[in-house]
Amino acid sequence: MTYTQRRRTELNKALFIRLQDPMLETINDGAYIYLKELPPRAERVEMLSDVKNEINYTNMVWDCVVPVFIPVMRNAVKCYSVGFVNRSDESLRMAAEKMSSNGLYYIPGMKLEKGVDYEGV
């Protein structure tokens with residue numbers, strides 16, 4: 001879930017192209033984006049395997065990611081931080097921590113693949 005600013009910007013762009021929802025209000029903070037509400041099809045992650053099973057096997061662990069939405073308080077307003085989970089142990093561990101502490105949401109069937117949804121950096 002830790003990405004360079006350039007890659008995060010590219011993933012954010014690919015995510016919003018896939019969401020195609022002009023009604024989603026966002027708060028931009030550099031390469032980080034916060035949503036004022038969840039996308040309509042988002043579901044709470046009950047088990048980490050829900051997210052892990054969405055990630056395709058690729059040669060490089062970061063070539064396929066699943067967008068996740070983490071509830072956070074920002075300037076005393078509840079919103080959802082946008083994150084991306086790949087199949088690396090570190091990324092899955094961070095997702096498990098967020099899932100147990102804050103909660104975690106994802107859109108079933110949505111993943112972003114390098115070369116398909118974005119060019120990659």
Side-chain angles (χ1 to χ4, degrees):
M1 287 173 63
T2 305
Y3 295 95
T4 64
Q5 183 169 348
R6 186 172 171 195
R7 175 167 283 242
R8 181 173 283 283
T9 300
E10 191 169 355
L11 288 170
N12 286 336
K13 183 177 166 185
L15 172 63
F16 284 97
I17 289 170
R18 289 284 306 274
L19 287 175
Q20 295 183 352
D21 188 346
M23 299 305 290
L24 281 177
E25 290 187 57
T26 63
I27 303 166
N28 294 324
D29 185 10
Y32 292 89
I33 290 185
Y34 301 89
L35 301 177
K36 291 190 177 181
E37 57 189 46
L38 283 171
R41 297 175 295 147
E43 294 181 6
R44 186 176 180 90
V45 175
E46 299 298 331
M47 296 180 1
L48 192 57
S49 61
D50 295 343
V51 172
K52 190 174 179 181
N53 291 338
E54 296 284 340
I55 305 170
N56 290 346
Y57 180 83
T58 55
N59 290 334
M60 303 302 284
V61 295
W62 52 81
D63 284 352
C64 182
V65 298
V66 171
V68 294
F69 310 97
I70 306 156
V72 295
M73 291 298 285
R74 189 168 187 286
N75 298 330
V77 175
K78 183 178 179 179
C79 56
Y80 297 88
S81 174
V82 176
F84 300 95
V85 178
N86 62 46
R87 64 180 174 81
S88 72
D89 291 339
E90 179 186 3
S91 184
L92 292 169
R93 180 185 52 75
M94 290 174 70
E97 289 173 6
K98 298 293 184 188
M99 184 180 79
S100 62
S101 62
N102 298 16
L104 194 66
Y105 295 84
Y106 79 117
I107 298 174
M110 180 176 282
K111 58 186 158 262
L112 303 174
E113 294 185 70
K114 182 177 177 182
V116 176
D117 299 299
Y118 67 99
E119 290 303 313
V121 189

Inter-residue atom distance [X].[atom1] - [Y].[atom2], 0.5 Å rounding:
X	Y	atom1	atom2	value
Phe16	Ile33	CZ	CD1	4.5 Å
Leu38	Glu43	CG	CD	11.0 Å
Asp63	Tyr57	CG	OH	11.0 Å
Ile70	Ser81	CD1	OG	5.0 Å
Ile107	Leu15	CD1	CG	7.0 Å
Leu48	Ser100	CG	OG	10.0 Å

According to a hydrophobic-cluster definition based on side-chain heavy atoms being under 4.5 Å apart (Ile, Leu, Val, Met, Phe, Trp, Tyr only), do Met99 and Val72 belong together?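 As far as the 4.5 Å side-chain criterion goes, Val72 and Met99 are connected within one cluster.
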
Considering non-hydrogen atoms only, spot the tightest contact between [X] and [Y] and give its length.
X	Y	result
Pro71	Gly103	CD-O, 3.2 Å
Lys111	Pro67	CA-CD, 4.2 Å
Tyr105	Ala42	CB-CB, 4.5 Å
Val61	Ser88	CG2-CB, 3.8 Å
Tyr34	Arg74	CE1-NE, 3.3 Å

Go through the steps to decide whether Phe69 and Leu104 satisfy the test side-chain contact (heavy atoms from CB on, under 4.5 Å), and finish with yes or no. CA-CA 6 Å; Phe69 310 97; Leu104 194 66; over 6 Å; no

Short side-chain to backbone donor-acceptor contact, [X] and [Y], under 3.5 Å:
X	Y	value
Arg41	Leu19	no
Glu54	Gly109	yes
Ser91	Arg87	no

Is it true that Thr58 and Asn56 share a donor-acceptor pair across their side chains at a distance under 3.5 Å?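 Side-chain D/A pair, Asn56 to Thr58: absent.
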
Any Lys/Arg nitrogen of Arg6 or Glu10 sitting under 4.0 Å from an Asp/Glu carboxylate oxygen of the other?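 Salt bridge: no.
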
Do Val85 and Tyr106 touch side chain to side chain, with heavy atoms closer than 4.5 Å?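 Val85 does not reach Tyr106 side chain to side chain.
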
From the options Asn86, Val51, Asn53, select the one residue that forms a side-chain contact (heavy atoms from CB on, under 4.5 Å) with Val66.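 Single pass found, and it is Val51.
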
Report, as yes or no, whether the 6.0 Å neighbourhood of atom CE on Met73 holds more than 12 heavy atoms from other residues, nucleotides or ligands.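 Atom CE in Met73 is packed in, count exceeds 12.
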
